[in-house]
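Heads up: the structure comes next, in structure tokens.
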2 protein chains.
Amino acid sequence: MNPLFHELFQKTRFLTNEINVTLKKHNLYASQWTVLYTIQKHGEMSLTQIWKYLNVEAPTITRTVYRLVELGWIDIRPGKDRREKIVRLSEKASQDFSAIKESILEFEDRMVEGLTKEEETILIELLRKIK
Amino acid sequence: MNPLFHELFQKTRFLTNEINVTLKKHNLYASQWTVLYTIQKHGEMSLTQIWKYLNVEAPTITRTVYRLVELGWIDIRPGKDRREKIVRLSEKASQDFSAIKESILEFEDRMVEGLTKEEETILIELLRKIK
DNA sequence: AAAATATATTTAGCTAGGTAAATATATTTC
DNA sequence: GAAATATATTTACCTAGCTAAATATATTTT
């Protein structure tokens, strides 16, 4: 089998696990953080906006969003269109946000220490060329 | 957040989904194929050998292996050391193996069509430099 | 305005990764 | 050889992706 795919899957799994270690002290998982980050960036969002933006399926977002509501990270309310639900960061999330972001930035920097800025750019470009 | 990680996760998810589409006609999922392929390559293997080789945790392999036994793809037997279980491809799997491998090879080639051989090598090297 | 279609979300159930702890058997130590 | 430790596997239970089908509400068509 093509070693490229093997390397890709191995590395992604490794990174996900490491992100989870990093986020443990904030009591968050990788995907939960991804959703929080997306919501913060956009202010207020409907569930559909979230899953379209993240390029995952709707049920995945339903589940993660409700877990985040349960954990007190986000608030949810009905939209004007009564089919939709609008979410935004809770008070707690807004307060903790920059500390968590700091942890993630440190983590990301550590992971790419072995790459120059140019190599990072090339890597992104090459990844985009797959399919 | 670092666009490299975003691209990496997006691409991996995309590839997993596409592999699953490719494998659908063989009634297999991506991880099941990975395990089958590993077993075929090594002949006979204990569960521990599989999870160490694939760099995943033991319970993941226990589950996938038993599903593959259930589906008739592999045979399982106790080892000399009575703690361990040894697996190998079933008759059916041995017969179908090359057809499935062919599908996968086609798929992989299609995915890297946009890359030269050199770019593929560079991509692997750059991925290895992460952490 | 009723019927048909479209959109937003949810529910159910599958694969697939993880951790923590339990169980069974081997191996090592005292 | 009994006790302690190590190894192989399993069980229970999380997160996190997916598809297919259900439900509720909007929008479009006739």
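By convention in this document, chain letters (A, B, ...) are assigned in the order of the sequence lines, proteins followed by strands, and residues within each chain are numbered from 1.
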Between [options], which nucleotide has the shortest distance from any of its atoms to the side chain of [X]?
X: B:Thr62; options: C:dT7, D:dT10, D:dT7; value: D:dT10
X: B:Thr48; options: C:dG17, C:dT9, D:dT9; value: D:dT9
X: B:Asp81; options: D:dA16, C:dA26, C:dT10; value: C:dA26
X: B:Lys85; options: C:dT15, D:dT19, D:dT10; value: D:dT10
X: A:Glu84; options: C:dT25, D:dT19, C:dT9; value: C:dT9
X: B:Tyr29; options: C:dT15, C:dA8, D:dA20; value: C:dT15
X: A:Pro59; options: C:dA12, C:dA8, D:dT10; value: C:dA12
X: B:Arg83; options: C:dA6, C:dT25, D:dT15; value: C:dT25
X: B:Thr60; options: D:dA24, D:dA20, C:dG18; value: C:dG18

Would you classify B:Ser31 as touching base, sugar-phosphate or nothing, given that sugar-phosphate means primed atoms plus P, OP1 and OP2, and contacts are heavy atoms under 4.0 Å? sugar-phosphate
What's B:Arg67 touching, base or sugar-phosphate or nothing? Going by heavy atoms closer than 4.0 Å.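 Sugar-phosphate contact only.
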What is the distance, to the nearest angstrom, from the [atom1] atom on [X] to the [atom2] atom on [N]?
X: B:Gln32; N: D:dC18; atom1: CD; atom2: P; answer: 17 Å
X: A:Arg13; N: C:dA16; atom1: CZ; atom2: P; answer: 12 Å
X: B:Arg63; N: C:dG13; atom1: CZ; atom2: C1'; answer: 14 Å
X: B:Gln10; N: D:dA16; atom1: CD; atom2: C1'; answer: 14 Å
X: B:Trp51; N: C:dG18; atom1: CH2; atom2: C1'; answer: 13 Å
X: A:Leu71; N: D:dC14; atom1: CG; atom2: C1'; answer: 12 Å
X: A:Ile50; N: C:dT7; atom1: CD1; atom2: P; answer: 19 Å
X: B:Glu57; N: D:dT11; atom1: CD; atom2: P; answer: 17 Å

With DNA chain D as reference, determine whether A:Lys80 or A:Asn20 sits nearer its 5' end, using the nearest nucleotide of each.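 The residue closer to the strand's 5' end, by nearest nucleotide, is A:Asn20.
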Go nucleotide by nucleotide along DNA chain D from the 5' end; which of A:Arg82 and A:Ala58 gets its closest nucleotide reached first? A:Ala58
I'd like to know if [X] and [Y] make a salt bridge, using a cut-off of under 4.0 Å between side-chain N and carboxylate O.
X: B:Arg77; Y: B:Glu44; value: yes
X: A:Arg110; Y: A:Glu113; value: no
X: A:Arg67; Y: A:Glu70; value: yes

Position toward the 5' end of DNA chain C (nearest nucleotide), A:Asn17 or A:Ile86: A:Ile86
Any side-chain to backbone donor/acceptor pair from B:Ser90 onto B:Gly72? Under 3.5 Å, distance only.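 Yes: the side chain of B:Ser90 pairs with the backbone of B:Gly72.
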Taking B:Thr116's backbone N and O only, do any of them form a donor-acceptor pair with B:Glu119's side chain (distance below 3.5 Å, no angle check)? yes
Applying ring pair (Phe, Tyr, Trp, His ring centres under 6.0 Å) to B:Phe97 and B:Trp73, what does each step give before you reach the verdict? CA-CA 10 Å; B:Phe97 193 84; B:Trp73 290 103; 9.5 Å; no
